[in-house]
Each structure stands twice: as C-alpha cells, then as structure tokens.
Protein chains: 2
Amino acid sequence: MSTIRVVLAEDQAMILGALAALLETEADLTVCARAANGRQALEAVAAEHPDVLVTDIEMPEMTGLTLAAEVRARHPQTQVVILTTFARPGYLRRALEAGARGYLLKDRPAAELANAVRRVRRGERVIDPDLAAEAWASDPDPLTERERQILWRAGEGRSGAEIATELSLSEGTVRNYLSEAISKLGAANRIEAARIARQKGWL
Amino acid sequence: MSTIRVVLAEDQAMILGALAALLETEADLTVCARAANGRQALEAVAAEHPDVLVTDIEMPEMTGLTLAAEVRARHPQTQVVILTTFARPGYLRRALEAGARGYLLKDRPAAELANAVRRVRRGERVIDPDLAAEAWASDPDPLTERERQILWRAGEGRSGAEIATELSLSEGTVRNYLSEAISKLGAANRIEAARIARQKGWL
DNA sequence: GGACAGGGGTGACAGATGTCATGGGTGTCT
DNA sequence: AGACACCCATGACATCTGTCACCCCTGTCC
C-alpha cells in the first residue's frame with residue numbers, strides 16, 4: 001500500500017506546523033506541501049496532485065469553502081477534508097455542496113485526523129457525527145450569493161456607496177439587497193443581520 | 001543536558017494533539033502531560049512539576065491568565081508560556097502581570113515554539129516581537145466607560161433609540177457619544193468603530 | 001478660583017439607510 | 001410557453017445616523 005500524499009492549508013503558521021507534525025507521525029501519510037492561505041493551497045494542489053487536501057475554512061485570500069469547490073472542479077482526483085473550529089450547520093452544508101468529502105472539528109481527538117484522511121482517500125465520506133445530526137434539523141441558508149457578498153461587506157463597516165463601487169453596482173441595488181437580507185433574517189438593520197448570519201454560518 | 005519536561009494546555013483536542021506531536025519531534029523536549037482546560041492543567045503541573053507549562057488563554061474552567069498566576073504562586077519552578085491567537089496588548093500586559101515568562105502567537109512559525117520553551121527554561125523572557133513593539137507604542141484605550149457601553153451595544157446591532165431607552169439617555173446624547181467614539185477611533189461609522197475597538201481589545 | 005475631563009443635554013442639518021413599488025433582464029424547470 | 005428564482009436598476013419616501021455648535025452640572029487638581 002503506497003503512502004498517502006497530503007497538502008495542508010491553515011493560516012496560523014504554528015498550527016499548520018503542528019498539524020503537519022501530527023500527520024507525519026503516521027507511517028502511511030506524508031505532507032507534501034503546506035499553504036498559509038487558499039490561493040497558495042490551490043497552487044500547491046496543482047503542483048503536487050495530492051491524494052487529499054486538508055484545509056481550514058477561515059483563511060485570507062480564499063476561504064476553505066471556495067477552495068474546496070475549485071479543487072473539486074479542477075483537480076477531482078484530490079479529495080478535500082475541511083478541518084475547522086466552527087460547528088456551524090451552514091458551513092457543513094456549504095462544504096458538502098462544494099464537494100468536500102470530510103468535515104472535521106478541531107475539538108475532536110487528534111487521532112481522528114489521520115483516520116479521516118485514510119477513509120476519505122478510500123472514497124468514503126467522513127462527517128462529524130454530532131454536527132451531521134444538527135445540520136439536518138436546522139433551517140437552510142436563505143441568502144443568495146449576492147446578498148451574502150453585500151451583507152459581508154456591510155458587516156465590515158463599509159457604506160452602501162463603497163460596496164456599490166466595489167461590486168460595480170448602483171447604490172440603490174445595494175440598498176435593495178441589504179433590505180432583502182435584513183427581512184429574510186428578521187433583523188432590524190444591517191448590523192444585526194450580519195451578526196445573525198455570521199452566527200448561523202451563512203457568511 | 002537533561003530533557004525539558006513540558007505540560008500542554010489547550011481546549012481544542014486536535015490542536016492539543018498536534019502541538020504535542022510538534023514538541024515531541026524535538027529530541028530535548030518531552031510532553032509529560034496534556035490538559036483540556038485550566039483546572040486539569042493546574043492538577044497536571046502539581047503532579048508532574050514540569051519545567052515549562054505551555055497554555056492557551058481562552059479555555060473553559062480557568063483561563064490561561066488565571067492559570068499562569070496560580071502556577072506562579074504555587075509552583076514557581078515551572079515557567080509559563082502563553083500560546084494564543086490573540087495579538088491584544090491588553091492580554092500581553094495581563095499575562096506578564098500574572099507572571100508568564102513567554103507570550104507567543106499561533107501566527108508564528110512552528111519552530112519558534114520549541115525555541116521559546118528552551119529559552120524560558122533558561123530563565124529568559126520570550127515575548128512576540130511585533131506584539132511587544134505594539135504594546136509599548138500602542139495608544140492606550142481612548143474610550144470613556146460610557147462610550148464603551150454605547151459602542152458595544154451599537155456593535156450588536158441595536159439602534160440609537162434602543163440604546164437610549166436601555167441606558168435611560170436621550171437619543172441625542174447617544175448620537176453624541178457614538179460620534180465622539182467614531183472620531184476617536186478614526187472610523188467612518190459605528191460599525192467600523194466597533195470593529196476597530198474589538199480588534200484592539202477595548203470593547 | 002480657574003482649568004479641565006467627564007457626564008448629560010438641545011436643536012439643526014446633511015447624508016446614509018431601510019422600505020416599497022415597479023420595471024427590466026437572464027436562466028432553469030415543467 | 002409560463003412560472004420562478006435570481007440579478008440589476010430607478011424613484012420616492014421616511015427614518016436613522018453622524019456632525020457641529022452650544023448649553024448645564026459634577027468632581028478633581030493645581
């Protein structure tokens with residue numbers, strides 16, 4: 001049985017190194033590249049054609065969810081495992097839609113990571129069991145992609161005019177999307193809407 | 001030269017395991033106990049009398065800062081290294097007051113952890129250089145207590161009117177405080193102001 | 001006593017934000 | 001072909017937000 005080649009993506013350098021050390025203690029696994037953000041990870045996957053990509057979600061340049069979708073589309077021989085702090089059903093759902101085969105929480109015992117990598121390489125799905133149960137019970141993400149983009153920027157403190165310029169839209173359109181998002185989320189204003197969406201894992 | 005004995009405290013099990021694997025790759029270090037929260041860590045230190053305790057800050061049961069103070073008082077032969085995500089001058093200051101000898105960010109390269117452990121065992125202080133510089137240069141909290149209260153609520157999405165009712169103030173006064181806070185923080189609006197204040201650890 | 005920081009307030013005004021009605025376009029599914 | 005979801009836009013309107021110029025009262029420190 002040949003060794004499983006893994007690319008690791010994680011923005012906190014020390015955690016990246018520690019996870020690499022953890023995987024390297026397994027005789028049948030090898031970390032062939034490390035990435036500090038989504039863009040780097042995509043380049044590494046293109047260069048190395050690994051069996052498995054293990055990636056965090058919240059990273060600069062490109063989130064792990066976007067990354068998973070890109071890898072699925074461009075390098076289907078590489079299986080994706082999401083490794084994150086966040087037990088948010090919305091994240092899990094989006095991860096699976098993006099084509100990820102594994103979704104693991106950083107809360108789980110360290111031994112599970114290597115097992116998840118092995119199982120995913122064999123074509124199995126590995127989903128955190130607690131989270132999987134919760135995910136089916138929870139309401140689906142009501143936001144469209146545009147609403148998400150705009151609400152995210154509003155949550156960072158950007159004004160309607162700034163967002164309009166940034167996305168090449170009219171101010172009125174931005175206001176409409178925000179109004180729509182606010183009403184969908186049952187919020188009183190953009191700030192509360194962003195807070196709710198973040199907490200549910202929809203942002 | 002004898003091996004350095006380390007106790008590790010970190011609430012995310014997988015990160016705990018990964019950091020342990022990282023330290024175990026160093027020939028002169030050994031992880032003699034692991035803890036998932038502050039109380040466990042204190043018990044482990046009492047039982048093992050390690051040379052160094054490496055601990056996260058945000059943990060259940062007892063925070064790393066309280067833990068550092070306890071260890072300093074009850075087991076002075078054990079040096080404490082804080083390992084955290086948060087580059088907040090306020091945390092650093094409190095950590096040093098609690099008697100920690102090291103303050104390291106999870107952003108730093110993995111190799112620095114082992115070095116920090118070695119240097120702290122030798123009695124040296126190891127402070128993240130960027131953060132140390134920032135802590136001295138960093139402007140003290142410019143917000144008054146009222147401004148903090150109001151800005152915090154605004155950051156949660158409450159409107160001026162709601163905040164006024166909640167704190168028994170007039171709407172105009174709330175607007176004045178927010179305006180003052182926005183200008184002190186160099187923000188463009190309340191959302192950005194809240195973001196900046198949170199990030200600096202002032203909220 | 002005067003200067004100064006903080007708390008609390010008013011009124012006025014410009015500009016940002018939220019809502020609604022209404023229009024257009026695309027693509028997909030039945 | 002029609003229904004539907006999503007994208008994008010305009011105009012009008014009311015309300016919220018941010019700023020500024022003033023005002024008062026308190027306590028503290030020189």
Side-chain angles (χ1 to χ4, degrees), chain A residues 65-66 69 73 90 93-94 96-99 139-203, chain B residues 139-200 202-203:
Chain A
L65 297 172
T66 313
R93 187 162 311 196
R94 284 204 278 153
L96 294 180
E97 281 164 10
D139 17 51
D141 184 345
L143 300 176
T144 69
E145 201 46 43
R146 259 312 194 211
E147 287 163 354
R148 198 189 325 287
Q149 284 175 19
I150 290 174
L151 185 56
W152 181 79
R153 283 167 173 80
E156 295 289 295
R158 306 236 236 302
S159 72
E162 284 171 321
I163 298 172
T165 307
E166 211 173 325
L167 299 179
S168 304
L169 295 173
S170 84
E171 275 191 58
T173 302
V174 171
R175 279 216 298 287
N176 285 341
Y177 280 126
L178 278 171
S179 180
E180 189 57 26
I182 289 166
S183 118
K184 278 181 178 175
L185 298 175
N189 54 52
R190 56 179 69 189
I191 316 178
E192 199 186 344
R195 213 174 50 74
I196 293 171
R198 250 193 295 266
Q199 183 236 316
K200 295 256 193 181
W202 295 335
L203 228 51
Chain B
D139 10 54
D141 186 343
L143 300 176
T144 70
E145 202 45 43
R146 263 307 195 215
E147 286 163 356
R148 199 189 325 286
Q149 284 175 19
I150 292 174
L151 186 55
W152 182 79
R153 284 167 173 79
E156 295 291 294
R158 307 238 234 302
S159 72
E162 284 172 320
I163 297 172
T165 307
E166 210 174 326
L167 299 179
S168 304
L169 295 174
S170 84
E171 277 191 58
T173 303
V174 171
R175 279 217 299 287
N176 285 342
Y177 280 125
L178 277 172
S179 180
E180 190 57 25
I182 290 166
S183 115
K184 278 181 178 176
L185 298 175
N189 55 51
R190 54 180 69 192
I191 316 175
E192 201 187 340
R195 216 174 47 75
I196 293 171
R198 251 192 294 267
Q199 183 235 319
K200 294 257 193 181
W202 294 334
L203 228 51

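Order of the sequence lines fixes the chain letters, A, B, ..., with proteins taken first and strands second; residue numbering starts at 1 for each chain. Computed from heavy atoms alone, side chains included, the values below leave out hydrogens, waters and symmetry copies.
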Quick test: give all pairs of protein nitrogen or oxygen and nucleotides 20-29 of chain C nitrogen or oxygen below 3.5 Å, distance rounded to 0.1 Å.
from, atom 1, to, atom 2, distance (Å)
C:dC20, N4, A:Asn176, OD1, 3.0

I want to confirm an ordering. Mapping B:Asn189 and B:Arg146 to their closest nucleotides on DNA chain C, which one lands closer to the 5' end?
B:Arg146
Take the C1' atoms of the five end pairs on each side of the helix from C:dG1-D:dC30 to C:dT30-D:dA1, get both axes, and report the angle to 10 degrees.
30°
In whole angstroms, how far is the [atom2] atom of [N] from the [atom1] atom of [X]?
X        : N      : atom1 : atom2 : result
B:Leu167 : C:dG9  : CG    : P     : 10 Å
A:Glu147 : D:dC7  : CD    : P     : 7 Å
A:Leu169 : C:dT17 : CG    : P     : 15 Å
B:Tyr177 : D:dC16 : OH    : P     : 22 Å
B:Glu171 : C:dA12 : CD    : P     : 16 Å
A:Gln149 : D:dC6  : CD    : C1'   : 13 Å
A:Arg158 : C:dT17 : CZ    : C1'   : 17 Å
B:Lys184 : D:dG18 : NZ    : P     : 16 Å

Side-chain N,O (A:Arg190) to OP1/OP2 (C:dG18) below 4.0 Å:
yes
Think A:Ser170 has a side-chain N or O under 4.0 angstrom from the OP1 or OP2 of D:dC8?
no
Can you tell if the side chain of [X] reaches within under 4.5 Å of the side chain of [Y], non-hydrogen atoms only?
X        : Y        : result
A:Arg190 : B:Ile191 : yes
B:Thr173 : B:Leu167 : no
B:Thr144 : B:Lys184 : yes
B:Arg195 : B:Glu192 : yes
A:Arg93  : A:Trp202 : no
B:Arg146 : B:Leu169 : yes

Tightest non-hydrogen contact, residues A:Ala188 and A:Ile182, listed as C-CG2, 4.2 Å
Looking across every strand, which nucleic acid part, if any, lies under 4.0 Å from A:Thr173 by heavy atom: base, sugar-phosphate, or nothing?
base
Tell me what A:Arg175 touches on the nucleic acid: a base, only sugar-phosphate, or nothing, going by heavy atoms under 4.0 Å.
base
Of the candidates D:dC7, C:dG6, C:dG9, the side chain of B:Thr144 sits closest to C:dG6
Can you tell which of D:dA9, C:dT19, D:dT17 lies closest to the side chain of A:Ile182?
C:dT19
Under a 4.0 Å N-O cut-off, is there an ion pair linking A:Glu156 with A:Arg153?
no
State plainly whether the residues B:Glu145 and B:Arg148 are in salt-bridge range, i.e. N to O under 4.0 Å.
yes
Euclidean distance, A:Glu166 CD relative to A:Ile150 CD1, rounded to 0.5 Å
10.5 Å
